[in-house]
Structures are given as C-alpha cells and as structure tokens.
Student: 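Quick one: structure below, then a few questions.
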Amino acid sequence: EPEVTQTPSHQVTQMGQEVILRCVPISNHLYFYWYRQILGQKVEFLVSFYNNEISEKSEIFDDQFSVERPDGSNFTLKIRSTKLEDSAMYFCASSPGYSNQPQHFGDGTRLSIL
Amino acid sequence: GDSVTQMEGPVTLSEEAFLTINCTYTATGYPSLFWYVQYPGEGLQLLLKATKADDKGSNKGFEATYRKETTSFHLEKGSVQVSDSAVYFCASLNAGGTSYGKLTFGQGTILTVHP
C-alpha cells in the first residue's frame, strides 16, 4: 500500500538555524498538509497546499514557516531561525481531495531545537 | 472555531475487555469524523471514518457511529487485545467555504491493554 514518507526521522538543530523537513506524499494525491504535535499536546494543523499554492494556514504558520513543492514528488517545510518552542513532532499528510477525504500521514520528523 | 474533545486518559484494560473512548465535537455545518491510531514509534494511521449523520465506521473490530443529535463519535470495541495498545485520536474535517481539509484533533487517549 502506498505511504507518505518523511525524512529525517529525527533532526537536532541549534536555535536560530534554518531547518528543512522533507516529505514524499502518495503519488496520485493532490492535497498536502503539515501538522505538528508538541510533546503532550494536541496535533495542530499548520498548512494545506494544493496546485503549488497554500490553500489554508493556521495562525501558527507565520513568516518563519514556508512550504514548497520543489519537484513532482517532494513537499518540504522550511523553518527559518528556529526557536526552542519549535521543538515538536512534525507530520506530513496527503489526500486525493479535501472534502470528506481521509488524510494519510507519514511517521513524522521529531525536531529538537537546542 | 471547530473543536474536538476526547475523554481523559490514560485507559488501562485487561485483554478481552470492552472499550469505549468518548469523543464529542463542535463545528459549523456537518463535518466528516475520523478516528486515527498511533502505535509506538509510528505515525497516525486512519482507523475508521464517517462522513454523515448516522453513518457507522468500522475497521479491525472497532466501530464508531456519527451522532448528530449528541455531536458525538465514540469509539468502541467489544474485546480488546494487547496489540490494540496505542494512542487514539478523534478528528473532524469541516471542508468547505474557506477550509481546505484542515483536520481538527482531540487531545488523544492512551490505551494500554494488559494480558
């Protein structure tokens, strides 16, 4: 069964550095998402992406964050000038459509900011 | 905005016990509802879904019925196994208008099943 893959599984970065989290969505899916889960808290929506544009973003997704689909297979989340509070598990997801369509999640990237 | 509330955990059961994890939602309109499961060290896996009122989602012995009148989507299983130990997340999706597939999650319920 096709799956969403995320790399790396764990990223350790110094505060203030830039980090790029990578995802390969399921190949015939059209909608892509990033979520994050701070330890002990809820899974929170960050952004949805369709047709090379952001469709929706949360208040968490400020100018520090950006997303990109640099080629036909990858979907990336960039965090500029990381802060301690960016430490979390980041999940990528994809779906064929957005209405009633279940989203398929990757295993996540654990981001640790030192 | 939309929100999802799950029962407080953790839940600890013996094998073959009956499981209920409560989930209620608030939303404008009629969201689709999902249960996701996260096994240790893994990502979120879709367990079951329901897209309209009175729909029953089912998978691997788990069931949940979309109850519009009580805005609930409780997860049940008649006889749990040790392998069901995981974190369970209830989620709603209210696509339409300005929303493009944003899932709203509950806080997750840790289930531990002992032999």
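Numbered from 1 within each chain, the chains take letters A, B, ... in sequence-line order.
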Student: Which heavy atom of B/Q38 sits nearest to which heavy atom of A/Q37, and what is that distance?
Tutor: OE1-OE1, 4.2 Å

Student: Measuring heavy-atom distances to chain B, does A/E3 have an atom under 4.5 Å in its side chain, in its backbone, in both, or in neither?
Tutor: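 Answer is neither: A/E3 stays 4.5 Å or more from chain B.
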
Student: Under 4.5 Å from any heavy atom of chain A, what part of B/L46 do you find: side chain, backbone, both or neither?
Tutor: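 Answer is side chain: those atoms of B/L46 sit under 4.5 Å from chain A.
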
Student: Within a 6.0 Å radius of atom CG on A/D63, are there more than 12 heavy atoms belonging to other residues, nucleotides or ligands?
Tutor: no

Student: Would you say OH of B/Y30 has more than 12 non-hydrogen atoms from neighbouring residues, nucleotides or ligands within 6.0 angstrom?
Tutor: no

Student: If you count the non-hydrogen atoms of other residues, nucleotides and ligands that lie under 6.0 Å from CD in A/E53, is the total more than 12?
Tutor: no

Student: Report yes if the side chains of B/F34 and A/Q103 come closer than 4.5 Å at any heavy-atom pair, otherwise no.
Tutor: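 The answer is no, as the side chains (C-beta and beyond) never meet within the 4.5 Å cut-off.
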
Student: What pair of heavy atoms forms the shortest contact from A/E56 to B/G101, and how long is it?
Tutor: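 The answer is OE1-N, 4.4 Å.
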
Student: Testing the basics here: between A/V43 and B/F89, what is the closest heavy-atom pair and its distance to 0.1 Å?
Tutor: CG2-CE2, 4.1 Å

Student: Indicate, with yes or no, if A/I60 and A/L21 share a hydrophobic cluster defined by side-chain heavy-atom contacts under 4.5 Å among Ile, Leu, Val, Met, Phe, Trp and Tyr.
Tutor: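 Same cluster.
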
Student: Do B/Y39 and B/L111 sit in one hydrophobic cluster, given that two such residues count as connected whenever their side-chain heavy atoms are within less than 4.5 Å of each other, even indirectly?
Tutor: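 Yes; tracing contacts between hydrophobic side chains, which count when under 4.5 Å, links both residues.
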
Student: Is it possible for you to say whether B/L75 and B/M7 belong to one hydrophobic cluster, with membership spreading through side-chain heavy-atom contacts below 4.5 Å?
Tutor: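 Same cluster.
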
Student: Taking B/V4's backbone N and O only, do any of them form a donor-acceptor pair with A/K42's side chain (distance below 3.5 Å, no angle check)?
Tutor: yes

Student: Is a donor on one side and an acceptor on the other found under 3.5 Å between the side chain of A/Y33 and the backbone of B/L103?
Tutor: no

Student: First locate atom CD of A/E44, then atom OG1 of B/T104, and finally report the distance between them rounded to the nearest 0.5 Å.
Tutor: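 With rounding to 0.5 Å, CD (A/E44) is 11.0 Å from OG1 (B/T104).
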
Student: Under 6.0 Å from the CD atom of B/E15, do we count more than 12 heavy atoms belonging to anything else shown?
Tutor: yes

Student: Of the listed residues (A/Y50, A/F105, A/F91), which shares the most heavy-atom pairs with chain B below a 4.5 Å separation?
Tutor: A/F105

Student: Is the count of non-hydrogen atoms from other residues, nucleotides or ligands lying under 6.0 Å from A/L39 atom CG greater than 12?
Tutor: no

Student: Please state whether the side chain, the backbone, both or neither of B/Q45 comes within less than 4.5 Å of a heavy atom of chain A.
Tutor: neither

